[in-house]
Amino acid sequence: MAKRTGMKKGLTSYGDEGFSLFLRKAFIKAMGYSDDALDRPIVGIANTYSGYNPCHRTAPEVAEAIKRGVMMAGGLPVDFPTISLHESFAWPTSMFYRNLMAMDTEEMLRALPMDAVVMIGGCDKTVPAQLMAAASANVPTLITVTGPMMTGDYKGERLGACTDCRRLWGLHRAGEIDADEIDEIGGRLMPTAGTCMVMGTASTMACMTEALGMMLPGGAAIPAVQADRLRHAEASGARAVEMAAEGLTPDKIMTPQAFANSLRVLLAIGGSTNGLVHMTAVAGRLGIEVDLEALDAMGRETPVLVDLKPSGAGYMEDLQKAGGLTTVLREMRDLLHLDALTCSGKTLGENMDGAPADWDQKVVRRRDNPVYEEGGIAVLRGNLCPGSAIIKQSGADPDLMTHTGRAVVFDSLEDMANRIDDPDLDVKADDVLVLRNAGPKGAPGMPESGYIPIPKKLAQQGVRDMVRISDARMSGTAFGSVVLHVCPEAAVGGPLALVRDGDRITLDVPNRRLELDVSEADLEKRRAEWTPPALDWAERGYPRLHMEHVQQADEGCDLDFLAKRPFTSKTPL
Ligand code: FES
């Protein structure tokens with residue numbers, strides 16, 4: 001049977017296909033379409049505008065530009081809404097809803113008649129959710145993003161969300177900035193529409209998606225308010241019509257080699273640790289395992305090249321002026337799988353060859369003069385993290401990368417909030433702060449709380465960094481000597497649940513170790529006494545689905561029935 005396309009695709013079941021098509025066309029004519037329009041290839045546009053999502057304020061104009069491109073190429077654009085997630089408007093944390101957005105988007109791709117789709121992502125969890133949906137639905141897909149904000153300024157200092165939000169809030173906690181001033185600064189941190197303009201999770205995911213081949217070249221770094229952003233959207237719309245005709249589905253683009261390219265880029269840009277969790281989930285939808293040993297080996301030979309906050313000094317508009325991601329790819333050309341096919345219809349290498357020539361700039365460093373010698377992320381092993389844990393070295397204090405200290409344990413987010421600023425808290429600058437029950441099930445949703453605040457009494461003494469360990473995540477805009485994603489998490493009985501105040505913990509990043517100095521016999525005794533935390537709030541609906549099925553961080557925190565298992569391949573070096 002010939003493959004059904006356009007309005008004939010995925011007919012609603014009435015037991016009479018002729019009637020189903022007749023009724024569909026009759027209904028959609030109420031939108032004012034002509035028969036000619038309805039006979040064209042249909043390109044869906046996942047429009048993630050939401051009044052609760054300032055990062056997506058420009059989604060409507062991006063959608064208009066995509067529509068223009070689709071129509072110029074002879075297709076019919078049809079936009080549709082999906083769940084839209086913003087970091088600060090999702091209780092208890094946006095990560096809790098990433099899989100829900102992925103399910104919503106995947107099911108719409110399947111339910112609605114479309115021959116290709118362009119998705120408008122942007123804020124942190126949106127792009128991963130869309131990639132996960134694309135991987136599972138396998139409809140020809142292009143991702144575009146709303147793009148980063150421009151920088152703000154305060155008293156002559158350039159400011160960006162949200163690295164400077166955290167830094168300045170830290171100074172407020174330390175008593176160096178008063179309440180009036182921090183309020184004033186709050187009005188200047190987000191001066192335009194768009195996503196956080198440092199190399200946080202949104203920027204990281206945009207760069208990784210371009211490297212993966214699911215975004216047209218040059219799209220990752222264009223600021224939200226620049227005209228090029230709309231030209232890129234228009235080109236994406238036009239290209240989607242071609243992809244529909246070519247049958248260029250995501251499984252042909254998202255190969256193990258393509259994921260390896262995106263992971264290399266994660267390391268070279270000093271990207272957010274969240275990029276690893278998300279791309280692990282996307283790859284897992286295709287039965288591809290992210291090989292953590294290969295990732296760590298990549299990290300040892302891939303320097304951080306991009307001088308952007310939080311690892312460096314600049315902002316996304318600087319990267320765009322320096323040529324965008326292409327400049328980064330060019331500098332690491334020999335480390336990439338150049339023959340990986342991309343959504344442009346060309347390979348990654350061909351895309352790079354077609355880009356404007358290199359010029360002298362300072363944002364993307366040369367390989368012999370990197371921002372940081374090794375890639376941003378190191379994978380840790382040891383008796384405290386039998387699954388794995390990670391640390392972003394490029395944002396950490398080098399002196400703390402080999403450190404032994406006394407554990408100061410917080411049992412939950414609430415416990416931490418209640419005690420962290422207590423003047424009587426028994427804590428010293430060389431202690432190791434431990435936060436547990438903040439993982440995928442424990443918190444729930446693995447919030448970005450791994451950036452444990454420096455206890456106020458230490459902050460006021462000038463302490464700016466300490467070794468911190470948790471089963472939580474950390475915002476891509478944060479920085480510090482922070483060990484994250486400890487697996488298995490405490491709430492399911494991982495060794496983190498057994499740590500007690502005063503235990504000695506050793507972090508040894510050069511040797512990739514994280515060890516709790518307690519004998520196995522003592523740990524066994526503690527395990528026998530351990531009682532799991534009550535997780536009884538998730539009795540119904542999506543919370544119950546999440547609780548019963550969410551995987552650990554080293555598997556991407558996907559729901560187990562959405563991930564494709566067993567793995568059939570691994571990401572190469
Ligand atoms: Fe949306 Fe930072 S809050 S990208």
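For ligands, and for the atoms within them, numbers begin at 1 and follow the listed sequence. All residue numbers in this chain count up from 1 along the given sequence. Reckoned from all heavy atoms, side chains included, excluding hydrogens, waters and symmetry mates.
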S.K.: Once rounded to 10 degrees, what value does the angle at atom 1 (Fe) of ligand 1 take between SG (C123) and SG (C55)?
M.R.: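 Output for this angle: 110°, rounded to tens.
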S.K.: Which ligand 1 atoms does H86 reach within 4.0 Å, using its non-hydrogen atoms?
M.R.: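 Counting from 1, the qualifying ligand atoms are 1 (Fe), 3 (S).
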S.K.: Let me check your reading of the structure: within less than 2.8 Å of atom 1 (Fe) of ligand 1, is there an N/O/S atom from C196?
M.R.: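 Given the 2.8 Å cut-off, C196 does not count as a ligand of atom 1 (Fe) of ligand 1.
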S.K.: Answer yes or no for C162: is there an N/O/S atom below the 2.8 Å cut-off from atom 2 (Fe) of ligand 1?
M.R.: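 No, C162 does not qualify, because none of its backbone or side-chain N, O or S atoms lies under 2.8 Å.
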S.K.: Counting each atom of ligand 1 from 1 as listed, which ones have a heavy atom of T195 under 4.0 Å away?
M.R.: 4 (S)
S.K.: For the residue pair D554 and T280, what are the closest heavy atoms and their distance?
M.R.: O-CG2, 3.6 Å
S.K.: With heavy atoms of A202 as the reference, note each atom of ligand 1 found under 4.0 Å away.
M.R.: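 Near A202, the atoms of ligand 1 are 4 (S).
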S.K.: If you count the atoms of ligand 1 from 1 in the order shown, which ones are under 4.0 Å from a heavy atom of D124?
M.R.: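 That gives atoms 2 (Fe), 4 (S) of ligand 1.
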S.K.: Using a strict 4.0 Å cut-off to heavy atoms of E87, name the atoms of ligand 1 that fall inside it.
M.R.: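 Going through ligand 1 atom by atom, the ones under 4.0 Å from E87 are 3 (S).
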S.K.: Step through the shown structure and confirm whether more than 12 heavy atoms of other residues, nucleotides or ligands are within 6.0 Å of CD on E373.
M.R.: no
S.K.: Answer yes if the side chains of Y315 and Q320 hold a donor-acceptor pair under 3.5 Å, and no otherwise.
M.R.: no
S.K.: For M150 versus T192, what's the shortest heavy-atom pair and its separation?
M.R.: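 Nearest heavy atoms, M150 then T192: N-OG1, 3.1 Å.
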S.K.: Is it the case that atom CZ in R57 sees more than 12 heavy atoms from other parts of the structure closer than 6.0 Å?
M.R.: no
S.K.: Please work out whether the ring planes of Y52 and F89 are parallel, tilted or perpendicular, with thresholds of 30° and 60°.
M.R.: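 Because their plane-to-plane angle lies in the 30° to 60° range, the rings of Y52 and F89 count as tilted.
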